[in-house]
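Below: the structure, in structure tokens.
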Amino acid sequence: MIRVRFAPSPTGYLHIGSARTFIFNWLFARHEGGTMILRIDDTDVDRNTQASLDSIFDGLKWLDLGWDEFYHQSDRVAMHREAAMSIFRKGLAYRDFAPAESEERSYGDGPWLFRPEMREMTAEESDRRAGAGEPFVLRFRVPRTGDGAVTFPDLVYGPQSKAFADIEDFALLRSNGIPTYHMASCADDADLRISHIIRGQDHLTNTFKHVLIFEALGAPPPKFAHLPLLIAPDGSKLSKRKHGPVVSVTTYRDGGFLPHAFVNFLCLLGWSPKDDREKMSRDELRDSFTLEGVNRSNAVVNFSEDDPFDPKAVWLNAEHLRSLPVEALAEKLEPFVRAAGLDPARADLKKVAPLVQERIRLLKDVATVGDFFFLDELPPYPAEELLPQKGDAAMSRRVLESARLVLEKVEFEHVALEASLREAAATLGVKAGQMFQPIRVAVCGRKNAPPLFETLETLGRQRCLHRIERALELLS
RNA sequence: GGCGCUAUCGUCUAACGGUUAGGACGGAGCCCUCUCAAGGCUUAAAUACGGGUUCGAUUCCCGUUAGCGCUACCA
């Protein structure tokens, strides 16, 4: 039975790297017909925050993938403690009564492995001091004889090995009795019968410790698959302090990404379907996903000073946007129209949607591409914009006056609109473009806009005539 | 410092030892066109360096360099 888990700690917002880890776990679980478990790793009570927990849930829900089982690690500390004590009872861990180090240790003098006086303390003395209430850290007793090593096969990185001599006697229980991450995580993974641990490569070297814990617990170690990390363009790891909101999933949501487009983008960072597909639906991703397709080098999220989003993410979003049914697009657009301070009731979103569909790359672009649909009065624009190509104000005026006459009586439907306006242009002896451009500017307030006739139709006779009137005033 | 991991166009990536090193994004150019967008076509752009192994290395091995990670009573 395949069982995987995503285990974020609620000490920050949902990071895009974490989101990707969640996605890969989900994809693997669904591809294999397994179980996806969400576990909140909240053993570090001092650093947990409710805000962070909310942010993680918000982000995960937005991804719209879901999970099958849910746990709070903090509900399970008694079990973790018992697991740690069972290791102690087997003689595979010892009490360390040394006080916590106050200063940061320098790494200059080689690794700190263990304190012989603590490790070799007699059971009698250890029990006596513990019994007297002296606080201690419970440490794993890493084998120190011979030249053995911990080994495990990584499904992505291949066979891994690390000498015991390079592994320190790491802590299992803190002096306050709370299990450390390593202990809690492994106890949970064993207890929850996790079959595959898929997580960031930053855990690769921790895994040697974890294998030791699983063995000490008498539990078969799960299979491990580590994922290459997501990094910033400068090669450093993504951090909120250094890179700002670009690392938060909610930034993508609020910027107008479609959840599955975002998922698609993240999947392409560190994984490849091995063919030329780029745009993939959730189901295609699920069907194609395998751990063999995961590669080993870190991937850069290519954001920049002037653009918080990776150009490829934006392009992919545009691709997904274009294949959305209009009703769905209209629905998605609504909150973004509102957020821009525009009134969605001013226009029929189902008619606007197809007009902006291939002109927006992010949902929030609707505010810049289609603002004029949701306004009664256009924001001011320079009168020169109304001048046709190779034409003057007089021509513009003639064109607009003619258009006004046409729009007053023509059937307000784009085919009829186009026919009569083309006819009017011919009558005036101007080129089609010279006719259409002043009209476009008059009704949209700018030179670049969606196709003219559908736009006129969507805007409606009254608003079009009103705007042409305004344009004429501007020209005089 | 020690240990571990990684190294193909600017970025994401493909290439079970034999390819003119492929695709995508982004860039440039052209076409289409009522503007914009979309679309179509064309184009510039990469195997970090040095040694091996081999008839032949992007691919396998070693070294160098660089980057990243771990080295906490954080996760």
Side-chain angles (χ1 to χ4, degrees), chain A residues 7-12 41-44 46-47 96 98-101 104-113 135-139 154 157-158 160-163 165-168 170-182 184-185 200-209 226 228-229 231 233-237 265 268-279 295-303 310-316 318 322 355-361 369 389 418 421-422 425 431-437 439-441 444 446-453:
Chain A
S9 64
T11 54
D41 275 8
D42 50 359
T43 46
D44 186 6
D46 298 338
R47 290 171 57 206
D96 176 356
E101 314 215 354
E104 257 182 58
R105 189 169 25 240
S106 112
Y107 297 125
D109 307 317
W112 175 91
L113 257 24
F136 61 86
V137 169
L138 193 70
R139 289 187 183 281
D154 188 279
Y157 287 91
Q160 302 293 312
S161 163
K162 187 165 185 161
D166 292 320
I167 304 174
E168 77 279 12
F170 54 94
L172 261 22
L173 246 34
R174 300 183 179 91
S175 55
N176 63 6
I178 299 195
T180 60
Y181 159 75
H182 299 303
S185 176
Q201 191 241 51
D202 48 345
H203 284 292
L204 189 62
T205 41
N206 286 331
T207 306
F208 297 105
K209 297 172 190 170
H226 288 89
L229 266 19
I231 57 176
D234 66 359
S236 65
K237 72 177 198 179
F265 168 66
L268 262 17
L269 258 23
W271 173 81
S272 160
K274 304 289 184 188
D275 51 37
D276 287 340
R277 284 178 298 166
E278 302 268 3
K279 181 196 170 201
N295 58 33
R296 283 170 290 277
S297 47
N298 294 345
V300 171
V301 181
N302 200 14
F303 55 80
D310 189 312
K312 194 150 191 173
V314 175
W315 169 78
L316 263 176
R322 278 176 217 128
L355 295 181
V356 297
Q357 187 155 30
E358 55 183 37
R359 266 159 276 264
I360 60 175
R361 298 182 309 158
V369 171
Q389 195 75 33
E418 174 162 10
L421 255 12
R422 280 191 188 279
K431 289 187 175 159
Q434 293 175 309
M435 177 87 192
F436 302 154
Q437 200 59 3
I439 303 176
R440 184 194 320 284
V441 173
C444 301
R446 71 176 80 101
K447 287 177 166 171
N448 299 337
L452 183 58
F453 312 106

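Predicted model, so just to flag it, every value in this text is computed and none were measured. First the proteins, then the strands, lettered A, B, ... as listed; each starts at 1.
The line from CZ of Arg296(A) to OH of Tyr157(A) is 8.0 Å long, rounded to the nearest 0.5 Å. For the atom pair OG1 of Thr180(A) and CZ of Arg139(A), the computed distance is 10.0 Å after rounding to the nearest 0.5 Å. Here the CZ-CZ distance, from Arg322(A) to Arg359(A), works out to 10.5 Å after rounding to the nearest 0.5 Å.
Atom P of nucleotide rU35(B) and atom CE of Met435(A) are separated by 16 Å, given to the nearest angstrom. Between Lys447(A) atom NZ and rU35(B) atom C1' the separation is 10 Å, expressed in whole Å. If you measure from atom CG of Asp310(A) to atom C1' of rG27(B), you get 15 Å, rounded to the nearest angstrom. In this structure, Asp202(A) atom CG and rA72(B) atom P are separated by 16 Å, rounded to whole Å. Atom pair Lys312(A):NZ and rG10(B):P shows a separation of 15 Å (rounding to whole Å applied). Atom CG of Leu269(A) and atom P of rA14(B) are 12 Å apart (whole Å). Taking atom NZ on Lys162(A) and atom P on rC3(B), their separation rounds to 9 Å, with Å as the unit. As rounded to whole Å, 13 Å separates atom C1' of rC12(B) from atom NZ of Lys274(A).
The listed nucleotides are rG4(B), rC25(B), rA14(B); the one nearest the side chain of Gln160(A) is rG4(B). Taking the side chain of Glu168(A) as heavy atoms from C-beta on, and the options rU71(B), rU35(B), rC12(B), the nearest nucleotide is rU71(B). Closest to the side chain of Trp315(A), out of rC70(B), rC25(B), rG4(B), is rC25(B). When distances run from any side-chain atom of Pro311(A) to the nucleotides rC25(B), rC73(B), rG10(B), the shortest one goes to rC25(B). Listed candidates were rG26(B), rA38(B), rU35(B). Nearest to the side chain of Arg322(A) is rA38(B). The nucleotide whose nearest atom lies closest to any side-chain atom of Asp276(A) is, among rC34(B), rG4(B), rG23(B), rG23(B). Candidate nucleotides rC34(B), rA14(B), rC73(B) were compared by shortest atom distance to the side chain of Val137(A), and rC73(B) ranks first.
Take the nearest nucleotide of RNA chain B for Arg359(A) and for Trp271(A): the residue whose nucleotide is more 5' is Trp271(A). Comparing Leu268(A) and Ser161(A) by the nucleotide of RNA chain B whose heavy atom lies nearest to each, the residue mapping closer to the 5' end is Ser161(A).
In this structure, rG26(B) forms no base pair with any nucleotide, since neither Watson-Crick nor G-U wobble geometry is met with both distances under 3.5 Å. With a cut-off of 3.5 Å on both Watson-Crick or G-U wobble distances, the partner of rG39(B) is given as rC31(B). Summarising the base pairing, rU8(B) is matched to no nucleotide, lacking a Watson-Crick or G-U wobble pair whose two defining distances lie under 3.5 Å. Using the Watson-Crick or G-U wobble rule with both distances under 3.5 Å, rU53(B) pairs with nothing in any strand shown.
For Lys237(A) against rC68(B), no side-chain N or O and base N or O form a donor-acceptor pair under 3.5 Å. For a distance-only test at 3.5 Å, the side chain of Arg296(A) fails to qualify as a donor-acceptor partner of the base of rC5(B). For Glu278(A) against rG23(B), a side-chain-to-base donor-acceptor contact under 3.5 Å is present.
Nucleotides rU13(B) and rG26(B) place their C1' atoms 15 Å apart, quoted to the nearest Å. Distance noted for atom P between rC30(B) and rU11(B): 28 Å (whole Å). Rounded to a whole angstrom, the distance from the C1' atom of rU65(B) to that of rA14(B) is 26 Å. Nucleotides rA21(B) and rC36(B) have their C1' atoms positioned 37 Å apart, rounded to a whole Å.
Taking every heavy atom of both residues into account, Gln389(A) and Gln434(A) meet most closely at O-NE2, 2.9 Å.
Using a 4.0 Å heavy-atom distance criterion, Pro135(A) is classed as making no nucleic acid contact.
A salt bridge is defined here as a Lys NZ or Arg NE, NH1 or NH2 lying under 4.0 Å from an Asp or Glu carboxylate O, and Arg277(A) with Asp275(A) meets this definition.
Regarding contacts with the backbone of rU35(B), every side-chain N or O of Arg446(A) stays at 4.0 angstrom or more from both OP1 and OP2.
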